[in-house]
Amino acid sequence: MASDSEQPRLSSFQKGGSSVELGDAQEPLLNGVHNSENYSVLAAILPFLFPALGGLLYGYDIGATSCATISVESPTSSGISWYNLSSVEIGLITSGSLYGALIGSLLAFNVADFLGRRRELISAAILYLLGALVTALAPDLPVMVIGRFVFGIGIGLAMHAAPMYIAETAPSEIRGRLISLKEFFIVLGMVGGYGIGSLLVDTVAGWRYMYAAAIPLAVIMGIGMWWLPASPRWILLRAIQGRGNMHELKETAISCLCRLRGTAIGDSAPAQVDEMLAELSYMGEEKEASLGEMFHGKCAKALVIGAGLVLFQQITGQPSVLYYAASIFQSAGFSEASDATRVSILLGVFKLIMTGAAVLVVDRLGRRPLLLGGVSGMLSFGPIGWLMISEIFPLRLRGRGLSIAVLVNFAANALVTFAFSPLKVLLGAGILFYAFGAIAVASLVFIFFIVPETKGLTLEEIEAKCL
């Protein structure tokens with residue numbers, strides 16, 4: 001039972017009309033006993049689907065850009081007079097969205113907790129739409145790079161907010177599967193980008209159509225997120241931090257939870273909200289997060305885990321291979337642009353199959369076994385890495401913590417993607433990939449000694465038991 005000094009923490013919750021005892025908060029955290037999360041699978045699909053479209057658009061950008069860089073350099077099919085681009089200019093086109101994603105991550109650090117996960121995703125959809133339009137209609141290289149940059153800001157916001165929204169709204173039993181499925185959508189978008197790119201690579205100005213194809217999906221994502229409710233946990237966080245009327249925000253959270261779970265939730269929504277409130281209070285979430293806290297205590301450990309995973313994911317080189325897939329296959333002997341892009345599709349399909357396998361077993365086998373086994377063959381870093389960073393941060397610090405992890409992700413991604421081509425020329429492909437292999441071994445050591453298992457735990461239990 002709690003000490004007397006802990007008791008006053010929960011007194012404010014009794015304003016909402018139901019009494020919550022501290023024992024109710026501590027028991028689920030320490031013993032893993034919490035109210036059953038009744039939910040409808042059908043109702044859980046849309047709260048996953050529309051945020052996951054943000055990931056699909058990110059993946060599509062990777063695949064489409066791999067083909068667009070071939071199209072835009074072609075003297076016969078580029079449809080432009082400025083097709084004779086240097087390697088640095090091609091690097092700007094390729095990595096432009098990643099530098100935009102860096103800015104999006106920085107913006108998320110400052111505004112995410114104010115906007116909330118839902119409005120951040122709506123903003124991402126608008127930026128996706130604007131970026132795709134500007135890129136597709138670009139009259140010259142500078143405007144094209146600006147379009148890529150704007151699209152990238154949308155990527156940064158979407159990759160920050162989507163895993164948080166899914167993690168905070170999904171039932172615990174299928175949370176790991178749904179967050180990992182978002183990575184499946186990224187790879188699905190990548191395959192779609194390779195596929196559409198292979199169809200359009202020999203079309204005059206085909207690169208414009210490749211980028212314009214993202215516009216309808218951005219519109220669907222924006223409309224879907226406008227319709228979805230806010231994250232109940234984000235609403236409750238605002239409530240316990242005094243950013244609104246406790247009773248009204250609690251009722252709003254109950255309403256949102258009912259929409260997210262469907263009719264299967266029955267009358268259990270108020271009890272689940274009470275449990276969330278009690279657990280948030282027990283974890284001390286009523287204090288507003290400060291910048292200094294990000295680098296101390298539990299959040300510091302979460303930062304090491306989250307940032308370490310995404311850093312190793314990028315510096316092992318696999319994202320660079322995906323961005324330059326068509327060019328790599330061209331240099332490997334598939335000289336025709338259409339042949340190189342078609343082989344890229346096979347690479348994407350293989351990655352899709354392996355990601356799908358990870359999604360199916362992540363909630364049964366756990367995070368650590370899949371990381372240790374999958375990273376050995378460069379297969380599971382993506383789905384499990386994004387899953388872990390969405391789970392590991394305390395709620396009060398989750399917005400800022402995840403934005404730092406996303407910032408590290410895209411900074412490393414942009415750097416490796418931009419440097420990949422010059423390093424291949426300087427060192428040779430063989431030495432470069434040996435270096436990537438050595439980094440992969442170091443990542444296995446990191447996972448074995450640092451990364452905890454979070455399978456089957458609620459977000460609050462992860463904070464109590466793993467940090």
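Under the rule for a side-chain hydrogen bond (donor to acceptor under 3.5 Å, both in side chains), the partners of Ser97 that lie at least two apart in sequence or sit in another chain are Asp61, Arg148. Partners of Thr76 under the side-chain hydrogen bond (donor to acceptor under 3.5 Å, both in side chains) rule, at least two apart in sequence or in another chain, are Ser74.
Between Met159 and Ile186 there is a side-chain heavy-atom pair separated by less than 4.5 Å. Within the 4.5 Å cutoff, side-chain heavy atoms of Val187 are placed close to those of Glu183. Looking only at side-chain heavy atoms (C-beta outward), Pro163 and Leu402 come within less than 4.5 Å of each other. Between Tyr60 and Met190 the shortest side-chain heavy-atom distance does not fall below 4.5 Å. Side chains of Leu236 and Ile240 form no contact here, defined as non-hydrogen atoms less than 4.5 Å apart.
Taking the centre and axis of the six-membered ring of Tyr165, the NZ or CZ atom of Arg233 falls outside the cone set by 45° and 6.0 Å. Seen from the ring of Trp226, Arg118 counts as a face-on cation partner, given the 6.0 Å and 45° thresholds.
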For residues 210-217, which side-chain donor-acceptor pairs fall under 3.5 Å, sequence neighbours excluded?
residue: Tyr211; atom: OH; partner: Thr65; partner atom: OG1; Å: 3.1

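The aromatic ring centres of Phe185 and Phe48 sit less than 6.0 Å apart. The aromatic ring centres of Tyr99 and Phe149 sit 6.0 Å or more apart.
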Between Phe410 and Ile155, is the side chain to side chain contact (heavy atoms under 4.5 Å, CB included) condition met? List the steps.
CA-CA 10 Å; Phe410 286 116; Ile155 291 175; 3.4 Å; yes
Hey, mind stepping through Arg117 and Ser231 against side-chain hydrogen bond (donor to acceptor under 3.5 Å, both in side chains) and telling me if it holds?
CA-CA 7 Å; Arg117 294 47 163 144; Ser231 159; 4.9 Å; no
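No donor-acceptor pair closer than 3.5 Å links the side chain of Trp207 to the backbone N or O of Gly79.
The side-chain contact (heavy atoms from CB on, under 4.5 Å) with Leu157 is formed by just one residue from the set Leu127, Val406, Leu115; it is Leu127.
Enclosure of atom CZ in Phe446 by more than 12 non-hydrogen atoms of other residues, nucleotides or ligands within 6.0 angstrom is indicated.
Of all heavy-atom pairs between Leu121 and Ala161, the closest is CG-CB, 3.7 Å.
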